[in-house]
Q: 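Starting off with a structure, shown below.
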Amino acid sequence: MKFNTASSVAGILLLYISGSLCQLDVCGRAPLNTRIVGGENATAGTWPWQVSIHLIGFGHNCGGTLITKDWVLSAAHCFQRVIASGIVMYFGRLDQSGSNPNEVSRTASQIINHPDYVNEKFDNDIALVQLSSSVTFSDYIKPVCLAAAGSVFSAGTESWVTGWGRLQSGASQIPDILQEVMIPIVSNSDCDNIYGEVNISITNNMICAGLLNLGGKGSCQGDSGGPLVSRKGSLWIESGIVSFGVGCAEPKYPTVYNRVSQYQDWIKSYMGSNPPGFVKFNTENPTSTEKPTSNSNLGVPNFLLFSLSLTFSIIPCTFSLYLAS
């Protein structure tokens with residue numbers, strides 16, 4: 001990547017502040033970026049951090065997010081009673097049954113579920129998966145930026161969720177083509193009031209998104225572990241990991257995601273000298289996430305506005321109350 005003088009100064013300052021550029025020079029950029037329930041087909045390279053996690057012999061099981069060349073972020077509920085040797089991950093994949101010329105695959109060397117994950121309460125639904133060998137970044141394979149500790153995603157913030165989950169609740173097949181859909185953030189207080197009716201508490205470790213009055217757009221079974229992202233300038237930042245919901249994109253019930261910013265220290269503790277890129281997202285007003293075209297000049301972001309660090313995520317959802325898996 002080439003930098004002009006101003007960007008070089010920003011890089012030096014970042015190095016001074018954080019100690020290492022880590023993934024911040026590559027994370028969250030989707031140069032080919034031009035929906036899930038109520039969504040539409042994505043195009044190749046639109047979401048270069050999207051991972052398809054397969055159980056060997058059974059096919060696609062969950063989504064995930066590439067956060068460094070060696071690690072994927074996903075949901076803990078995706079890996080209950082699953083061993084590392086039993087999964088294979090696909091990067092740069094668009095079509096589950098057709099040709100994917102930009103794709104590479106990796107097996108896992110280890111799976112790390114959060115030690116405080118509680119299946120009955122859906123809390124701490126986050127996991128890390130280490131790749132058996134590093135992937136090489138390209139326009140079709142890139143890491144996402146993670147929301148840094150203290151990030152604020154106000155109600156109404158436009159967010160995108162992606163995956164190969166079912167197109168409607170109860171459907172037997174998943175779509176071949178990666179799906180994408182835009183949905184707004186729902187405040188935790190409103191989400192907690194809604195889920196209180198089914199005796200589920202929305203904790204600070206969760207973030208909600210969906211169309212409360214309309215429904216019809218959101219994640220479903222098979223999208224679990226996948227990313228919920230918002231755009232800040234030229235960067236895409238992961239705020240949540242698909243976790244659970246009632247039905248699929250029901251008018252009243254938003255989908256619940258694991259809140260990535262709560263786990264910055266936990267994620268970094270496993271990353272060593274090459275952590276993911278953490279970026280502070282802090283807007284009190286809804287933000288625009290107009291998608292750049294393949295000809296967009298993304299430029300160099302003003303890194304001085306961001307706090308730094310690294311992380312990644314995956315999620316699950318199912319039944320009337322569903323875990324996305």
Side-chain angles (χ1 to χ4, degrees), residues 23 48-97 99-100 102-119 122 124-138 140-144 146 162-166 173-174 176 178 221-227 238 241-244 258 260 263 266-276 310-318 323-325:
Q23 304 298 307
W49 39 81
Q50 180 74 47
V51 181
S52 177
I53 300 175
H54 287 224
L55 295 179
I56 295 175
F58 294 94
H60 174 83
N61 181 60
C62 278
T65 312
L66 182 66
I67 57 169
T68 76
K69 62 184 178 63
D70 297 303
W71 290 89
V72 163
L73 184 65
S74 190
H77 78 254
C78 290
F79 303 103
Q80 303 303 297
R81 298 175 297 280
V82 173
I83 60 176
S85 61
I87 67 172
V88 60
M89 295 165 285
Y90 294 92
F91 306 86
R93 169 166 286 205
L94 178 68
D95 193 328
Q96 290 288 355
S97 62
S99 174
N100 292 285
N102 305 299
E103 175 182 279
V104 299
S105 64
R106 294 289 188 274
T107 55
S109 62
Q110 66 171 323
I111 299 170
I112 303 171
N113 291 316
H114 195 282
D116 297 324
Y117 170 64
V118 180
N119 189 58
F122 317 109
N124 300 303
D125 192 6
I126 186 171
L128 294 172
V129 183
Q130 187 173 22
L131 310 188
S132 56
S133 61
S134 301
V135 295
T136 300
F137 297 152
S138 69
Y140 301 91
I141 301 173
K142 288 184 183 294
V144 76
L146 299 178
T162 51
W164 287 274
R166 298 172 183 175
Q173 293 184 326
I174 66 171
D176 283 333
L178 178 66
Q221 291 92 341
D223 293 321
S224 288
E238 182 173 6
I241 300 168
V242 181
S243 186
F244 70 92
N258 193 78
V260 172
Y263 299 90
W266 181 76
I267 291 169
K268 289 176 64 178
S269 70
Y270 292 98
M271 299 291 102
S273 61
N274 188 36
L310 301 163
T311 185
F312 64 89
S313 67
I314 280 184
I315 53 164
C317 280
T318 181
L323 279 174
S325 59

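Remember, it's a predicted structure, so these values are computed and weren't measured experimentally.
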Q: Any side-chain heavy atom of Phe91 within less than 4.5 Å of one from Val51?
A: yes
Q: Which heavy atom in Ile111 sits nearest to a heavy atom in Ile83, and how many Å separate them?
A: CD1-C, 3.9 Å
Q: How many angstroms lie between atom CH2 of Trp49 and atom OG1 of Thr65, to the nearest 0.5 angstrom?
A: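 It comes to 9.5 Å.
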Q: Return the minimal non-hydrogen interatomic distance between His60 and Gly63, and the atom names on each side.
A: CE1-N, 4.1 Å
Q: Let's go through Glu103 and Ser105 carefully: what are the C-alpha distance in whole Å and the side-chain angles of both, what is the deciding distance for side chain to side chain contact (heavy atoms under 4.5 Å, CB included) to 0.1 Å, and is it a yes or a no?
A: CA-CA 7 Å; Glu103 175 182 279; Ser105 64; 5.6 Å; no
Q: Any heavy-atom pair between the side chains of Tyr270 and Ile112 that's under 4.5 Å?
A: yes
Q: Could you go through the side chain to side chain contact (heavy atoms under 4.5 Å, CB included) check for Gln80 and Asn113 one step at a time?
A: CA-CA 9 Å; Gln80 303 303 297; Asn113 291 316; 3.7 Å; yes
Q: For residues Ser133 and Arg106, determine if any side-chain heavy atom of one lies less than 4.5 Å from a side-chain heavy atom of the other.
A: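 Ser133 vs Arg106: side chains touch.
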Q: Would the distance check show the side chain of Trp164 and the main-chain N or O of Leu94 forming a donor-acceptor pair, the cut-off being under 3.5 Å?
A: yes
Q: What distance do Asp125 atom CG and Cys78 atom SG have between them, rounded to the nearest 0.5 Å?
A: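 Reported value, rounded in 0.5 Å steps: 7.0 Å.
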Q: Working to the nearest 0.5 Å, report the span between NZ of Lys69 and CG of Asn274.
A: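 Rounded to the nearest 0.5 Å, the NZ-CG separation comes out at 5.5 Å.
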Q: What pair of heavy atoms forms the shortest contact from Asn119 to Tyr117, and how long is it?
A: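 Answer, listing the atom of Asn119 first, then Tyr117: OD1-OH, 2.7 Å.
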Q: Between Trp266 and Ile126, is any pair of side-chain heavy atoms under 4.5 Å apart?
A: yes
Q: Is Pro227 close to Gln50 at the side-chain level, that is, under 4.5 Å between some pair of heavy atoms?
A: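 Contact flag for Gln50/Pro227 side chains = yes.
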Q: Step by step, would you call Val104 with Tyr90 a side chain to side chain contact (heavy atoms under 4.5 Å, CB included)?
A: CA-CA 6 Å; Val104 299; Tyr90 294 92; over 6 Å; no
Q: How far does SG of Cys62 sit from CD1 of Ile53, to the nearest 0.5 angstrom?
A: 6.5 Å
Q: Could you list the residues that satisfy side chain to side chain contact (heavy atoms under 4.5 Å, CB included) with Ser97, not counting sequence neighbours?
A: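 Asp95, Asp176.
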Q: Rounded to the nearest 0.5 Å, how far does OG of Ser109 lie from CD of Gln130?
A: 3.5 Å
Q: Any side-chain heavy atom of Ile56 sitting closer than 4.5 Å to one from Ile87?
A: no
Q: Going by heavy atoms in the side chains, are Leu66 and Lys142 under 4.5 Å from each other?
A: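 SC-SC contact between Leu66 and Lys142 ruled out.
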Q: Indicate the atoms forming the closest heavy-atom contact of Gly165 with Asp223, along with that distance.
A: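 Answer, listing the atom of Gly165 first, then Asp223: N-OD1, 2.5 Å.
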Q: State, to 0.1 Å, how close Met89 and Thr107 come at their nearest heavy-atom pair, and which atoms those are.
A: CE-O, 3.6 Å
Q: Check for me whether the distance between the ring centres of His114 and Tyr263 falls short of 6.0 Å.
A: yes
Q: Below 4.5 Å, heavy atoms only, C-beta onward: do Ile141 and Thr136 meet side chain to side chain?
A: no
Q: Please answer whether the main-chain N or O of Leu55 pairs with a side-chain N or O of Asn61 as donor and acceptor at a distance below 3.5 Å.
A: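 Side chain of Asn61 to backbone of Leu55: no pair is present.
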Q: How far does CE of Met271 sit from OG of Ser269, to the nearest 0.5 angstrom?
A: 7.5 Å
Q: Who passes ring pair (Phe, Tyr, Trp, His ring centres under 6.0 Å) against Tyr140, sequence neighbours left out?
A: none
